[in-house]
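Each remark here refers to the structure printed beneath this line.
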Amino acid sequence: MIGRRRRRLTGERAVDAGVLLLAGVDLLQWHAHAPGWHPHQLAVSIVTVLALVMRRRCPLTVLALALVGMADGDIVLAPIIALFHIGRRYSLRIAGACTAAVTTVAVAQSLLPGRGTPSTLKGWVIFIVHAAAASAAPTAIGLQFRSHRALVSSYIELRRSRSEELRLTRRLASMEERSALARTLHDSIGHAASLIALRAEALGSRTQDLAVAEDAAAIHSLSRRALDEMRAVTGMLRPPENDPRTGSLRQIAQLLARADLFDTARIAVKEPDRWPADIQSAAYRVVQEALTNAVRYAPGARIEVTIESSARDSSSERLVVMVRNEPPRVAVSSMPHGGHGLTGLASQVVKAQGKFTYGKTDEGGFFVQAVFQHGWHR
């Protein structure tokens, strides 16, 4: 870093020396053609040439001195260099005003006594055009240099933004994978662990065998501990609103079989595979979460599951998913819960263009309902 800065300073000093040398040669050339210069004219010209060292930091000041030198002498190179740096640093309006000022001074200088003033209108037009071109050329080069530098900076910033976007995309993909894993733990493993804990508790309360009761209590305790640990992990990541990669209408039958609910379940869905993946996933999650909550908060209660599809018209169909349970028949023991079940369900159902409702029944039980619609010809 220090070596690079040192090389940069050395290069700038070399350029400054070259600029001073060229401006000095220009000054000596005009002094040789006009030996009658007054001392103050020479002094102003020398100050103007030396001021070129400040052309990067104060180009307007250098141009002001150069205009004085032009009006009082015959220096040419100093205002051209100043115009170039003004074009590099300032806006088009300021650069244009400075160019017009240099052109005006150059034309006015030709009107002084002893100058080669054009004698015809054509000569004046050529002279003015030449002066304007000589002033506009370095300004235009400076403006072009500035535009190029701005374009390079924009390209570098664009590459940085693209790199940051790729980094955020990878991070988002990683977060989605972690969220999907947390959702699977919450919905699938949590459901099974809740069933194990509650059935172990029921077994311990019914058996007369002390050893079996102790084993059932141990299973219940371990299940509760596993649920606590799992909820602690999944609680750090809110489940994603929509994950169509898991769960389907056909898998609901397997879910009901594990919960022994075939006697109180009704599934009447024509061609379930025709339904979109997001709707099938949402319907599966509704049933899974509702069964988990029913077993957890209403042990021993009757659970009814109804999944029906019906045609709304010739081009669309309606799918209704209903899970209803009666009031609990026994006292409910304290069970750990994550608090994201119904919230996640509502988000997923709405994402699948469905309607989600839940609440208490008139008998004191609880119901969960999701309604989906899909058009086959859109």
Check whether the side chains of S281 and Q348 place a donor and an acceptor atom closer than 3.5 Å, and report yes or no. yes
Quiz: residues 358-368 side-chain donor-acceptor pairs under 3.5 angstrom, not counting sequence neighbours:
residue : atom : partner : partner atom : Å
T361    : OG1  : E363    : OE1          : 3.4
T361    : OG1  : G365    : N            : 2.8

Between E317 (side chain only) and Q373 (backbone N and O only), is there a donor and an acceptor less than 3.5 Å apart? no
Once rounded to the nearest 0.5 Å, what's the spacing between atom CZ of R274 and atom OG of S309? 10.0 Å
Scanning both residues in full, the closest heavy-atom pair of T103 with A131 reads OG1-O, 3.9 Å
Decide whether F356 and V320 are clustered together by the hydrophobic rule: side chain heavy atoms of Ile, Leu, Val, Met, Phe, Trp, Tyr closer than 4.5 Å, transitively. no
In chain order, what residues pass the side-chain hydrogen bond (donor to acceptor under 3.5 Å, both in side chains) check against D273, with sequence neighbours excluded? R250
Same cluster (ILVMFWY, side-chain, under 4.5 Å), I303 and L255: yes
Partner set under side-chain hydrogen bond (donor to acceptor under 3.5 Å, both in side chains) for E304, not counting sequence neighbours: R302
If you group Ile, Leu, Val, Met, Phe, Trp and Tyr whenever their side-chain heavy atoms sit less than 4.5 Å apart, what else falls in with V350? none
Quick one, V305 with R266, criterion side chain to side chain contact (heavy atoms under 4.5 Å, CB included). Give me CA distance, side-chain angles, the key distance, then yes/no. CA-CA 6 Å; V305 180; R266 169 180 168 78; over 6 Å; no
Are Y284 and V287 linked, directly or through other ILVMFWY residues, by side chains that come within less than 4.5 angstrom of each other? yes
Give the table of side-chain donor-acceptor pairs shorter than 3.5 Å for residues 138-150, with sequence neighbours excluded, one pair per line with atom names and distance.
residue : atom : partner : partner atom : Å
T139    : OG1  : T99     : OG1          : 2.8
T139    : OG1  : S135    : O            : 3.1
R146    : NH1  : Y90     : O            : 2.6
S147    : OG   : L143    : O            : 3.0
R149    : NH2  : R88     : O            : 3.1

Check the pair T120 / V125 against side chain to side chain contact (heavy atoms under 4.5 Å, CB included), numbers first and verdict last. CA-CA 9 Å; T120 62; V125 172; over 6 Å; no
One should read off an interatomic distance between C58 SG and I86 CD1, to the nearest 0.5 angstrom, of 11.0 Å
Under 4.5 Å between any side-chain heavy atoms of I279 and L249, yes or no? no
Over all heavy atoms of both residues, which pair between F127 and A106 is shortest? Give the atoms and the distance, please. CZ-O, 3.8 Å
May I have the step-by-step check of side chain to side chain contact (heavy atoms under 4.5 Å, CB included) for T357 and V371, ending in yes or no? CA-CA 9 Å; T357 55; V371 180; over 6 Å; no
In this structure, CG of L83 is separated from CZ of R55 (nearest 0.5 Å) by 14.0 Å
Same cluster for L319 and V286 if Ile/Leu/Val/Met/Phe/Trp/Tyr side chains link at under 4.5 Å? yes
Taking a hydrophobic cluster as the set of Ile, Leu, Val, Met, Phe, Trp and Tyr residues connected by side-chain heavy atoms closer than 4.5 Å, whether directly or through intermediates, do F84 and L60 fall within one such cluster? no
Enter the distance from K355:NZ to Q353:CD here, rounded to the nearest 0.5 Å. 11.5 Å
List, by chain and then residue number, the residues other than Y155 in its hydrophobic cluster (Ile/Leu/Val/Met/Phe/Trp/Tyr, side-chain heavy atoms under 4.5 Å); write none if there are no others. none
